[in-house]
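Structure first, then comments.
For ligands, and for the atoms within them, numbers begin at 1 and follow the listed sequence.
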Amino acid sequence: MAYLVLARKFRPALLNEVVGQQHITKTLKNAITSGRVGHAFLFSGPRGVGKTTTARILAKALNCENGPTATPCNECVNCLQISAGSYLDVIEIDGASNNGVENVREIREQVRFAPAAGRYKIYIIDEVHMLSNPAFNALLKTLEEPPEHVKFIFATTEAHKLPATILSRCQRYDFNKIPITDIIGNLEQISQKEGININKNSLHRIARAAEGSLRDAQSIFDQILSSCGQQVDDSEVKRILGIIDRTLIESVAQAIISHNGEQVLRLVEQLMEYGGNPIYFTQQLMGYFRQLLLLKLCQKPDDLLEVTDEELAVLHTQAKDVSVPELIQLIKIMLENEAALRMTLNQRITLEIILLKLSQLKPLLPIEEILDRLTALESSTPKNYSAIHVEPERPQITDTGVPQTLKPDPAPTFTPVPKPESVPVQYSSPIKEQ
Ligand SMILES: [Zn+2]
């Protein structure tokens, strides 16, 4: 038997089986059960999240011999033919290649005739936003007064491109990107059914690479299975996904946080040996600092972080050594230097300079601490003296119990961003050394 790709083999046959779109499938089920099914639906959302799949299930629900029913039998001739794409009364049209007014006129001619076999004639138009304006105008006439036996299901990734006149005549359903945990759950089920041995970290990597698209996740999984067979090795998953080893990113972040320039250079050497791309690497590193920031700022960051338990443990440890203003500063500098990295002829040196700048970033004192010290300073100074002498010298601040390595330069530490002339490296401007 020919190999069937996972996305087709495991395509949901019931609304309950559609992954990560419960808000939509629940409403549709209620509509079907209560007999309040509209005549035009708009399914909008990113690609690969179940729009066409849901459209086909809805078509089955309406035309099943045992229906209309929220749970089509998937066994009757109608259901089987709709699943196979050979049912005469479910017409799937690709809006991108049939976008002219003549295509819509053809639909308008056809809708007048009763369904050949089923209860409803159902038109599923994919990428409907690609229709031309005259085509939309022609479609509008049909949408205004559709025959009883006709249903339209439009699918689009770009609902904002649809004319308001069309939008206002559709029941709109917004499909979400699929949460990473749902994608992992789906891949786990597939692995069990197919007898595939794969660890949770690998599943996590695949799900993360798919960026919310179940179809992408399944096709990446297909690709990995064709390379690995039933026994999936995590290093092979990383190789196929082109993932830079997370531990390298963790190590570079650690070197930057602990101001270890030598270690930074050694790790860049490792990255280059590994064949890593500096641009991709900085994006990953920026993402990593963002995760640290989320961890520090959010009460329950787990659903935002999308990391494995081991990765979370490392983040927790590192988060203790870095403050929120420092993280913001690190990300800011990386953003400012992104363009330089893209344009330079020597990415390696540019990357090294950027990372060294990050590692030399002076720790910033929290504003509360600065205020506390100022208050302490004021109260310990004679009244008639304070106004004149607090501002220029501030001797107490540099002599407090700040550890030697964290001790700021003699320059004032009151302002959140050090003044350019007082600091050896200017952080806020893009690199000019190149
Ligand atoms: Zn059926």
Problem set entry | CA sep, side-chain torsions, deciding dist, call: Ser235, Asp233, side-chain hydrogen bond (donor to acceptor under 3.5 Å, both in side chains) | CA-CA 6 Å; Ser235 60; Asp233 181 39; 2.4 Å; yes
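Glu262 is listed as a side-chain neighbour of Arg266, based on a closest heavy-atom distance under 4.5 Å.
For the Zn ion (ligand 1), the nearby protein N/O/S atoms, meaning those under 2.8 Å, are Cys64 SG, Cys73 SG, Cys76 SG, Cys79 SG.
When the options Thr156, Thr157, Asp174 are evaluated for a side-chain hydrogen bond (donor to acceptor under 3.5 Å, both in side chains) with Ser44, the one that passes is Asp174. Of the listed residues (Thr344, Leu355, Asn337), just one forms a side-chain contact (heavy atoms from CB on, under 4.5 Å) with Thr350, and that residue is Thr344.
Surrounding CD of Glu144 are more than 12 heavy atoms belonging to other residues, nucleotides or ligands, all under 6.0 Å away.
Nearest approach of Glu236 to Cys228, heavy atoms of both residues: CG-SG, 3.1 Å.
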